[in-house]
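As the structure is a computational prediction, the values presented were derived from the model and not from experiment. Here is how names work: the chains are called A, B, and so on, in the same order as the sequence lines, proteins then strands, and each is numbered from 1. Every heavy atom of this structure was used, including side-chain atoms; hydrogens, water molecules and symmetry mates were not.
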4 protein chains.
Amino acid sequence: MSDIPNDQPLSDAAAGFAKEQLKSFIERIERLEEEKKTIADDIKDVFAEAKGTGFDTKALREILKIRKQDADQRAEHEAIVDLYMQALGMLSPS
Amino acid sequence: MSDIPNDQPLSDAAAGFAKEQLKSFIERIERLEEEKKTIADDIKDVFAEAKGTGFDTKALREILKIRKQDADQRAEHEAIVDLYMQALGMLSPS
Amino acid sequence: MSDIPNDQPLSDAAAGFAKEQLKSFIERIERLEEEKKTIADDIKDVFAEAKGTGFDTKALREILKIRKQDADQRAEHEAIVDLYMQALGMLSPS
Amino acid sequence: MSDIPNDQPLSDAAAGFAKEQLKSFIERIERLEEEKKTIADDIKDVFAEAKGTGFDTKALREILKIRKQDADQRAEHEAIVDLYMQALGMLSPS
DNA sequence: ACATGCAAAGGTAAAC
DNA sequence: GTTTACCTTTGCATGT
């Protein structure tokens with residue numbers, strides 16, 4: 001529940017600066033959130049289109065999940081290989 | 001990495017078409033999910049930057065939430081006004 | 001922020017009953033949370049013991065993660081097989 | 001799944017021993033994680049049961065949080081008292 | 001169309 | 001300070 005830092009013993013210029021910064025951060029985030037929502041809506045549209053073409057969305061989601069898991073696991077396997085190679089001194093520690 | 005089953009009583013052409021369509025849907029969605037993740041990461045970066053500048057992220061999130069609520073309320077209010085105006089014949093029905 | 005249900009127009013007996021019930025639920029949960037914490041501590045102990053024996057805990061965690069992923073993926077694969085079999089009418093829908 | 005690398009300059013006996021140890025640690029942890037999950041599920045069940053009886057789970061969680069804070073404060077207090085007693089020679093150091 | 005249950009994502013807090 | 005795990009919340013799908 002803390003507030004914006006130090007607007008008491010600051011010059012008006014500094015306070016105004018912090019205010020502008022705050023406004024900037026807020027607006028940047030809101031802009032990005034908007035873009036994110038747009039993309040989320042696009043995804044929904046694609047699902048709807050696929051459903052309209054006769055595909056089962058539940059199966060589609062399942063496929064996407066598995067493909068994601070595959071990718072994750074590939075990354076994990078590489079991570080553990082690196083870890084072992086480090087342990088064997090075949091790789092310089094990061 | 002198995003494909004969709006093509007042992008239904010479909011012509012090879014139709015099966016191949018469905019397969020291409022499926023591939024297209026999957027790839028479109030995966031592409032969009034990637035974009036969504038990029039933006040989510042961007043948002044994280046902005047929060048990190050704000051934190052580094054001395055702002056309290058929890059307070060920032062609270063402000064964003066309030067502003068979002070306000071926006072929602074405004075939208076809802078306008079929707080009701082439109083509805084009334086439609087009912088009164090002051091607006092053409094959508 | 002709602003409260004315990006209906007303690008206004010209830011007989012003292014009913015109110016007492018609700019109070020006892022509440023106490024019972026709270027205590028059951030607190031008991032379980034305690035057990036959960038004990039086990040979490042046990043896990044930490046095993047990691048510490050392994051580390052003391054010369055094992056790299058980071059590698060251990062990596063192995064555990066992969067084994068978990070394997071299990072999850074096996075379950076997912078079975079789920080999608082079922083889904084396809086349903087789609088092909090080889091399985092009754094759940 | 002792959003094992004730990006045994007191409008180090010270790011005797012076969014030593015390598016086999018390490019392998020057994022690793023397996024043991026992994027299995028002990030997985031066993032404990034399973035138990036932890038069981039208890040977490042039990043807790044969920046109790047919340048569900050409470051909800052079914054008409055209690056507001058959000059309020060229940062709030063009560064639990066407050067009681068936990070109280071317990072933590074009490075524990076902290078006792079720790080300080082112990083510390084003082086140790087300092088005064090009224091308690092043997094841990 | 002609504003309401004409920006479930007799954008995924010994000011946020012928060014703790015552990016290393 | 002970074003990462004990881006838990007928990008909360010939200011949105012999505014399903015059924016009535």
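Taking atom CD1 of residue Ile29(B) and atom P of nucleotide dC12(F), one finds them 13 Å apart after rounding to whole Å. When the C1' atom of dT9(F) is taken as reference, atom CD of Gln69(B) falls 14 Å away, rounded to whole Å. Atom pair Glu62(B):CD and dT9(F):C1' shows a separation of 16 Å (rounding to whole Å applied). One interatomic measurement links the two molecules: NZ of Lys37(A) to P of dT10(F), which rounds to 14 Å at whole-angstrom precision. Look at CZ on Phe47(A): it is 16 Å from P on dA7(E), rounded to the nearest Å. Rounding to whole angstrom units, CG of residue Asp56(D) and P of dT8(F) are separated by 13 Å. Rounded to a whole Å, the CG atom of Leu60(C) is 16 Å from the C1' atom of dA15(E). Regarding Ile39(D), its CD1 atom lies at a distance of 13 Å from the P atom of dC7(F), rounded to whole Å.
The side-chain contact (heavy atoms from CB on, under 4.5 Å) search around Arg31(A) returns Glu35(A), not counting sequence neighbours. For Glu30(C), the salt bridge (charged side-chain N to carboxylate O under 4.0 Å, His left out) partners two or more places apart in sequence, or in a different chain, are Arg67(D). For Phe47(A), there are no ring-ring contact (aromatic ring centres under 6.0 Å, His included) partners two or more places apart in sequence or in a different chain. The salt bridge (charged side-chain N to carboxylate O under 4.0 Å, His left out) check on Lys68(D) picks up Asp72(D), with sequence neighbours excluded. Listed by chain and number, the residues in a side chain to side chain donor-acceptor pair (under 3.5 Å) with Asp41(B) are Lys37(B) (sequence neighbours excluded).
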Are there any protein N/O atoms within less than 3.5 Å of an N/O atom in nucleotides 4-6 of chain F, and if so, which ones and at what distance?
unit_1, atom_1, unit_2, atom_2, d
dC6(F), OP1, Lys36(D), NZ, 2.4

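By the 4.5 Å heavy-atom criterion applied to side chains, Asp42(B) and Thr38(B) are counted as neighbours.
Judged by closest nucleotide on DNA chain E, Lys51(D) is the one of Lys51(D) and Lys44(C) placed further toward the 5' end.
Note on Lys58(A): every side-chain N or O is 4.0 Å or more away from OP1 and OP2 of dA13(F).
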